[in-house]
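The analysis underlying the following values was restricted to heavy atoms, covering all of them including side chains, and did not include hydrogens, waters or symmetry mates. This chain uses plain numbering: 1 for the first residue, then up along the sequence.
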Amino acid sequence: MFNKTLATFGLLFSLVFISHNSHAEEQFELGDYTLYYTLFNSTFVPADIARAYQLKRSKYEWLLNVVVSKNGEHGGVPIKLSGNHKNLMAQQKMLQFNEIKETGTVYYLAPVRVNGEEILHFELSVLLPNETVPHTIKFTDKVISD
């Protein structure tokens with residue numbers, strides 16, 4: 001049963017990632033790799049899956065999902081990832097990414113706490129396989145916890 005749940009979790013994130021119903025989805029070209037991210041409310045994650053991965057479900061808790069794929073290939077590759085986000089009052093919070101490994105892919109999840117309506121500025125540092133200098137990724141997104 002638990003393995004089926006894990007497969008469902010992977011499928012869930014694949015669907016959320018490509019879904020037009022997700023809050024934001026974007027990509028950045030990084031040479032031979034592409035970084036994809038999506039930001040969505042944690043209530044989209046079923047309760048049993050959230051428990052299995054120790055994810056907090058709340059209308060105030062969003063998840064930033066990041067995956068990097070080699071161009072022309074499916075599935076994510078392992079990377080070194082860190083980052084932060086700032087609100088309009090310049091309050092900065094570090095992102096705590098959890099690496100999720102599944103068959104054929106690796107992706108990273110970080111919780112993002114939101115109170116009401118906020119515009120958040122994200123900055124990620126991404127070190128790709130076999131590289132020594134990290135890439136800096138910046139993006140802004142508006143999120144609403146209602």
Side-chain angles (χ1 to χ4, degrees), residues 2-3 5-19 21-31 33-70 73-146:
F2 189 71
N3 285 338
T5 302
L6 287 177
T8 303
F9 184 69
L11 178 60
L12 170 73
F13 276 99
S14 296
L15 292 174
V16 168
F17 188 74
I18 62 174
S19 169
N21 294 326
S22 65
H23 184 263
E25 57 188 16
E26 195 63 63
Q27 67 184 49
F28 292 91
E29 300 297 325
L30 305 172
Y33 295 87
T34 302
L35 178 143
Y36 302 91
Y37 77 86
T38 188
L39 185 62
F40 60 95
N41 191 281
S42 64
T43 58
F44 288 134
V45 180
D48 59 333
I49 305 283
R51 271 192 305 278
Y53 284 91
Q54 300 175 349
L55 300 173
K56 184 176 180 180
R57 294 178 73 236
S58 166
K59 69 179 183 177
Y60 302 107
E61 194 85 14
W62 288 66
L63 292 170
L64 176 60
N65 181 26
V66 176
V67 64
V68 173
S69 296
K70 191 161 177 74
E73 296 181 10
H74 295 285
V77 298
I79 58 172
K80 292 193 189 289
L81 179 63
S82 62
N84 66 70
H85 67 82
K86 295 179 188 173
N87 63 16
L88 291 179
M89 297 182 66
Q91 296 169 320
Q92 180 174 306
K93 293 185 182 176
M94 297 303 295
L95 294 167
Q96 301 296 318
F97 284 98
N98 295 310
E99 182 180 74
I100 309 292
K101 292 182 181 180
E102 294 185 358
T103 304
T105 193
V106 178
Y107 51 94
Y108 300 84
L109 293 175
V112 177
R113 184 87 175 151
V114 176
N115 292 312
E117 182 177 323
E118 294 190 56
I119 296 176
L120 300 175
H121 304 284
F122 291 86
E123 184 171 325
L124 306 179
S125 176
V126 182
L127 184 60
L128 298 172
N130 302 315
E131 291 191 6
T132 56
V133 178
H135 297 265
T136 300
I137 304 294
K138 295 181 181 182
F139 58 92
T140 299
D141 207 343
K142 179 179 177 180
V143 292
I144 302 171
S145 60
D146 46 28

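- Across Thr38, Leu81, Val126, a single residue satisfies side-chain contact (heavy atoms from CB on, under 4.5 Å) together with Val66, and that is Leu81.
- Ile79 approaches Pro129 most closely through the heavy-atom pair CG2-CD, 4.2 Å.
- A salt bridge between Glu118 and Lys142 is absent, with no side-chain N of the basic residue lying under 4.0 Å from a carboxylate O of the acidic one.
- Surrounding CZ of Phe28 are more than 12 heavy atoms belonging to other residues, nucleotides or ligands, all under 6.0 Å away.
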Verdict with reasoning, Phe40 to Asn65, per side-chain contact (heavy atoms from CB on, under 4.5 Å): CA-CA 8 Å; Phe40 60 95; Asn65 181 26; 4.0 Å; yes

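- Nearest heavy atom pair, residue Ser42 against residue Arg57, reads OG-CA, 3.4 Å.
- The two residues Glu99 and Pro78 have their closest heavy-atom pair at OE2-CB, 4.5 Å.
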Full working for side-chain contact (heavy atoms from CB on, under 4.5 Å) between Ile119 and Asp141: CA-CA 6 Å; Ile119 296 176; Asp141 207 343; over 6 Å; no

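- The ring-ring contact (aromatic ring centres under 6.0 Å, His included) contacts involving residues 125-146 comprise Tyr37-Phe139, Phe122-Phe139, where partners must be two or more places apart or lie in separate chains.
- Counting non-hydrogen atoms of neighbouring residues, nucleotides and ligands closer than 6.0 angstrom, the NZ atom of Lys70 exceeds 12 such neighbours.
- Of the possible donor and acceptor atoms, none in the side chain of Ser125 sits under 3.5 Å from a partner among the backbone N and O of Ser82.
- The number of heavy atoms from other shown groups lying within 6.0 Å of CE (Met94) is above 12.
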Glu102 vs Tyr107, side-chain hydrogen bond (donor to acceptor under 3.5 Å, both in side chains): CA-CA, chis, key distance, verdict: CA-CA 9 Å; Glu102 294 185 358; Tyr107 51 94; 2.8 Å; yes

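- Here the shortest heavy-atom pairing between Gly75 and Ser69 reads O-OG, 2.9 Å.
- Judged by distance alone, the side chain of Asn41 and the main-chain N or O of Lys59 form a donor-acceptor pair under 3.5 Å.
- Closest approach of Phe97 to Gly83, counting heavy atoms only: CE1-N, 4.2 Å.
- Under the side chain to side chain donor-acceptor pair (under 3.5 Å) rule, His121 has a single partner from Asn84, Asn87, Thr140, which is Thr140.
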Step-by-step side-chain contact (heavy atoms from CB on, under 4.5 Å) determination, Gln92 to His85: CA-CA 6 Å; Gln92 180 174 306; His85 67 82; over 6 Å; no

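- Within 6.0 Å of atom CD in Glu29, more than 12 heavy atoms from other residues, nucleotides or ligands are found, so the atom counts as buried in its surroundings.
- Gln27 and Thr34 form no side-chain donor-acceptor contact under 3.5 Å, judged by distance and modelled atom types alone.
- Going from atom CD1 of Ile100 over to atom CG of Leu109 covers 5.0 Å, rounded to the nearest 0.5 Å.
- Taking all atoms of both residues into account, the shortest heavy-atom contact from Val114 to Val143 is CG2-CG2, 3.4 Å.
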